[in-house]
Amino acid sequence: MRKLAIILAVLILIILPVEAMEFTAPAAPDSATENMPKESTSFGADLWYIVKSAINRLQPNLTEALGVCISLIAVIMLVSILQSFTGIAKRTVDLVCTLSVSILLIQPSNSLIHLGVETVEKLSEYGKMLAPVMTAALAAEGGVTTSTALYTGTIAFNAILTTLISKLIIPLIYIYVILCIASRSLGESLLEKIRDFIKWLMTWCLKISIYLFTGYLSITGVVSGTADASAIKAAKLAFNGFVPVVGNIISDASETVLVSAGIMKTSVGIYGLLAIIATWISPFLQIGIRYLLLKITASVCSVFGSKETVGLITDFSGTMGFILAMTGTECLLLLISTVCFMKGVS
Amino acid sequence: MENIRQYLLSVVACATICAVVISITDKKSTLNPVIKLLAGLFMIYTVISPWAKLRIDGVKSYFSDIEINASSAVANGTASASGETGAIIKSQVEAYILDKASSIGAEISAEVIMDNSTPPLPKAIKISGTLAPYHKQRLEQIIADELGIPKESQSWT
């Protein structure tokens, strides 16, 4: 009976902090909730559920994308048949073909650019809500310096990346599309050079932002992690200086709180990771499938199509690649920061 | 960011205009070197002039806002942990006193008052119950010696 009472007392002590000290992950965005599992089992199983759920919802987009690709192949094949007749100016036919391909691809590309922007905004908003919760949980676990550094880095880079995408990369993507159409239609090398410069600039912006972010996290992680670990050790040593009974009680209580804060931080982090992936995966698959199908279409069309037309299809697939990179970079930034929060004090 | 976008667009537009002007000029013309020079000067002005107007006050205030928010989130977490630690310490100290009282055959109720330090420490205690003077004296001594709460901070009712 006495043992049972002791076990109950210990259980109450362990449970108490979890009930009182609550760190709740912000709810996943509406578009992600349909991909999220109803009941959480394990991280791997939940992740697999999200992937399967997103793939199941892909069918209408796949049909639409296939329709566009078949139309492209039909147009290019028709033009190649026309070109085989004598008396038709090759240049005019090529121009008409390039413009037809552009008309077929502009509308889907525009809607996918909007989808990309929307996804980045949703991810960014979610990241802004998740970061304070993770910061508080990590601070409760003793990582005061680490959590401050991680919060500052995550919010600053998140804001910089989101602004970079919405104010710079998106207008540049539109300019890139226009330059692709113009350069393929007119065959002007100057336009090609400007187009290549814009392509380089967009790639460089995304790459450099993620390099800087990971660099910042690596350096601050080591420095602030060591500072926090030392602070926790110093606090534990200080407890020994108290009156023995109180010292032991304080030491046990602090340990219990640190452990429960760590457990809560991990559960919030896992939910956050799943919510970020669930928000990102559907748009990623939608854009990714278009990217892949356009690449395949370009390869098929290269058998009978003109160099400019096939090049234009490849350029449009490149545009899809930029949208993928854009959403992928934002998602990666949030995943890395959440994992760093979860890693906590070393 | 709006300024960066404007800057890049103006550089791209300037480069396009310069390239078009140079390409339409006859290469054998005597004006060609002059036009190239003017185009170069125009390009240099477009690239350099916005940097002279650059102000970093906005960036500084933005980062200071982030730091304030970070401090607030950290304070929230540490306060929450400190409060929880205080609650556990309070309940354990009370349980310890009740245990000691029952070991000497006294039945009492105890309420520990915590201070605001980090971690919170017991600073005073309110004990109610009927005790023999000997038991009271012994318990007072135990609380003072083992829990560090001086006799003057112990209130008995």
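Here the structure is a predicted model, which is why all the values come from computation and not from measurement. Quick note on labels: first sequence line is chain A, next is B, and so on, each numbered from 1.
Proximity of B:N69 to A:I155: side-chain heavy atoms (C-beta onward) are nowhere separated by under 4.5 Å.
Interface summary for chain B: among A:A139, A:P132, A:A131, the most heavy-atom pairs under 4.5 angstrom belong to A:A139.
Remark: A:Y151 OH to B:S72 OG distance equals 7.5 Å, nearest 0.5 Å. Between the CG atom of A:L258 and the CD atom of B:E84 there is a distance of 12.0 Å, given to the nearest 0.5 Å. One distance of note links NZ of B:K90 with CD1 of A:I249; it measures 13.0 Å at 0.5 Å rounding. The distance from atom CG of A:N158 to atom CD1 of B:I66, rounded to the nearest 0.5 Å, is 9.5 Å. Going from atom CD1 of B:I88 over to atom OG of A:S254 covers 8.5 Å, rounded to the nearest 0.5 Å.
The shortest non-hydrogen separation linking B:G77 to A:A140 is O-CB, 3.5 Å. Minimum interatomic distance between B:N76 and A:A136 (heavy atoms only, all atoms of both residues): ND2-CB, 4.3 Å. Closest non-hydrogen pair, B:A70 versus A:T135, comes out as O-CG2, 4.4 Å.
For A:I169, no part lies near chain B; criterion is any non-hydrogen pair under 4.5 Å. Looking at A:L150, neither its backbone nor its side chain comes within 4.5 Å of chain B, counting heavy atoms on both sides.
Around CD of B:Q137, the count of heavy atoms belonging to other residues, nucleotides or ligands within 6.0 Å does not exceed 12.
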